[in-house]
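Read the structure below first, then the notes.
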Amino acid sequence: MGNFFSFFINSMIGFAELMKFLWAHSVIQIVIIMGATLMTVPFLTWAERKVIGHMQVRMGPMRVGFHGLLQGIADGVKLLLKENIIPAGADRPIFILAPILSLVPALIAFSVIPFDSWFYITDINVAVLYVLAIASVGTYGIILAGWSSNSNYALLGALRSAAQVISYELAIGMALVGPLMMAGTLSLVGITEAQAQGWFLPYQLVGFFVYFIAMLAETNRAPFDLPEAETELVAGFHVEYSGMRFAFFFLAEYANMMVVSAMATVMFLGGWNPPFQGFEAAQFLQKIPGIFWFVGKMGVILFSFLWIRATFPRFRYDQLMKLGWKVLIPLALANIVVTGVILAIRG
Amino acid sequence: MFSTLFFYYLFVMILASAAMMITRRHMVHAVLYMLLLFFHIAGLYVLLEAEFLAAAQLIVYAGAILVLYLFVIMLVNIKQLAPLREQLFGHLPFALVSAGLLCVGVVGVLLGETALKAPSTATAGDPMAGLSNPELLGKALFTTYLFPFEVASLILLVALVGAVVIASRKI
């Protein structure tokens, strides 16, 4: 009996030691952040259908759960149980690899995003570049999916996507240079700390404008959803995918939306800092924990994604390219020059 | 200990993916092995504490140049390339000579130990000690190496203008 008791105690101690080890090596943080991200996606799809539904004077999903709240989970289960079809002419290994290449970069970008001053997996000194690099790798998923499906619609979608993402990556990168110059660091934690006295948004309105438009294009969302334009290309690059592999693309798109919203929050909207830091009357806002501010700001930007999808018609391809190269990139360059001159004058 | 293991992992993976890349018949597969190669080279830079270079490697090579390769390869009919492949063996002597010269160069650099010792920017007592890698790189580029840096940007600008001229002539 004593033996059994000491075994019980020892295993509890062992469990606690394991937990300490996992916490110290960020494993638990990774599990929490991955779990939260993946669990948000079904509710984000529900929110998308609900928001667009109400904007078009419809109800949206109503059947599964309270006001259709569990619709996203029901859809996920359906996709899990569906048959995975690989087309006869497809390049099998690449066809299987493409959804994975699409989802994994979207998820690992979360490893550097600081949700609060204590809640981030890691803080590296090139975090901004890391996020940009990871985002550019996500493009491969789309291109390879389109090519390996051996379908004309899918290939056209993939080619559109490649051109679009390369063009708008430049605009995103340059729009982020303004806040970087003001913060003087590439670490996302450092950039948020630099905004403790005030957000960068009022000083970087042009940068935010360029970033906001380019982020819609980078995530292939309306009004720049040309790679999957359903009226022209059926569904674009993922037309041949079904079941869980299709769900991977779906997850990747929504995870990417969350990544770009989180980046906008960190770079322009002060990260975990509350608004109106300088005002006496707004001091009570400091009491709300930073993580709620962060998630709230992300939520506002995610809502604007849905709002824009319900509002604007899709761009034509030449309009998309003109906007990217002739408007956004020059604007971002001008923003860099002006920011640099002002910073140099102020010393 | 960990970094030594990591180095050997990178060593094996870089050689293996490079070998796979040049032996693939299918060009899209070759590009994918090249992507794997670029990732492991970035890992090598991280091991050398050159984080900025690692990120730039991924953004420029993996994110932009390889995507353009894929873009072109997808639009090319692969069957038309078969006769080109046969001609390749005619170039074998030239390839062997240039590979040998490159090999001599690399071995020479490795033997001449001094050539490896780049002018260090972060020695003890240096005002730059304690700065992070991107800051160090920025300071070095815009002070010590300003002239080569500007020359490199000028050359890139010339290439850019040249590309625009060639493209506009064809339209």
Side-chain angles (χ1 to χ4, degrees), chain A residues 91-95 97-98 101 104-105 112 123-150 152 154-167 169-170 172-173 176 180-181 183-187 190 218 237 325, chain B residues 2 20 24-43 45-46 48-78 130-139 142 160 163-164 167:
Chain A
D91 188 314
R92 259 187 93 92
I94 298 186
F95 190 82
L97 182 70
L101 259 184
V104 171
V112 292
D123 173 32
I124 54 178
N125 59 13
V126 288
V128 176
L129 295 175
Y130 173 81
V131 172
L132 290 177
I134 291 301
S136 61
V137 172
T139 327
Y140 284 96
I142 292 175
I143 302 177
L144 292 174
W147 177 80
S148 67
S149 304
N150 195 26
N152 290 337
L155 183 63
L156 279 174
L159 290 178
R160 281 184 181 189
S161 162
Q164 175 176 334
V165 173
I166 291 178
S167 315
E169 233 163 45
L170 280 174
I172 280 207
L176 292 181
L180 286 183
M181 286 163 81
T185 171
L186 283 166
S187 137
E218 181 81 2
F237 64 90
W325 288 99
Chain B
F2 175 72
M20 289 298 274
R24 290 309 89 187
R25 266 183 181 271
H26 207 303
M27 278 159 76
V28 173
H29 294 181
V31 168
L32 279 183
Y33 279 108
M34 203 161 163
L35 181 65
L36 199 64
L37 176 68
F38 284 162
F39 262 90
H40 286 90
I41 291 176
Y45 292 147
V46 170
L48 291 169
E49 297 184 8
E51 296 93 355
F52 183 85
L53 196 57
Q57 158 91 6
L58 286 188
I59 293 176
V60 175
Y61 285 97
I65 293 180
L66 267 191
V67 172
L68 283 180
Y69 278 11
L70 271 182
F71 203 97
V72 173
I73 288 171
M74 282 177 191
L75 296 174
V76 170
N77 188 354
I78 292 167
L131 287 181
S132 68
N133 174 256
E135 283 170 289
L136 271 177
L137 191 69
K139 291 227 159 104
F142 284 100
L160 191 71
V164 170

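Chain A is the first sequence line, chain B the second, and so forth, proteins listed ahead of strands; every chain is numbered from 1. These values consider heavy atoms only, across backbone and side chains, with no hydrogens, waters or symmetry-generated copies. Everything numeric here is computed off the predicted structure, so don't read it as measured data.
Residues A:Ser136 and B:Leu58 approach most closely at OG-O, 4.3 Å, considering heavy atoms.
Interface check for chain A: of the options B:Ala42, B:Pro134, B:Gly138, B:Ala56, the most heavy-atom pairs under 4.5 Å are formed by B:Pro134. In terms of non-hydrogen atom pairs under 4.5 Å with chain B, the most contact-rich of A:Pro93, A:Ala133, A:Gly138 is A:Ala133.
Heavy-atom distances place the side chain of A:Leu97, and not its backbone, under 4.5 Å from chain B. Heavy atoms of A:Leu186 lying under 4.5 Å from chain B belong exclusively to its side chain. With a threshold of 4.5 angstrom between heavy atoms, A:Ile166 approaches chain B through side-chain atoms but not through N, CA, C or O. Residue contact with chain B, scored on non-hydrogen atoms closer than 4.5 Å, involves the backbone and the side chain of A:Ala163 alike. Contact of A:Leu155 with chain B is made through the side chain alone, with heavy-atom distances under 4.5 Å.
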*Between B:Glu135 and A:Thr185, is a side chain to side chain contact (heavy atoms under 4.5 Å, CB included) present by the stated rule, with each step listed?*
CA-CA 8 Å; B:Glu135 283 170 289; A:Thr185 171; over 6 Å; no

*Take B:Ile73 and A:Trp147 through the side chain to side chain contact (heavy atoms under 4.5 Å, CB included) test and state the conclusion after the steps.*
CA-CA 10 Å; B:Ile73 288 171; A:Trp147 177 80; over 6 Å; no

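Between the side chain of A:Tyr140 and the backbone N or O of B:Leu35, no donor-acceptor pair lies under 3.5 Å.
Counted within 6.0 Å of CZ on B:Phe38, heavy atoms from surrounding residues, nucleotides or ligands total more than 12; the atom is thus considered enclosed.
Contact check for B:Glu51 versus A:Leu129: no side-chain heavy atoms found under the 4.5 Å cut-off. For the pair B:His29 and A:Asp91, the minimum side-chain heavy-atom distance is below 4.5 Å.
Residue-level contacts of residues 63-70 of chain B with chain A, in order of numbering, are B:Gly63, B:Ala64, B:Leu66, B:Val67, B:Leu68, B:Leu70; threshold 4.5 Å between heavy atoms.
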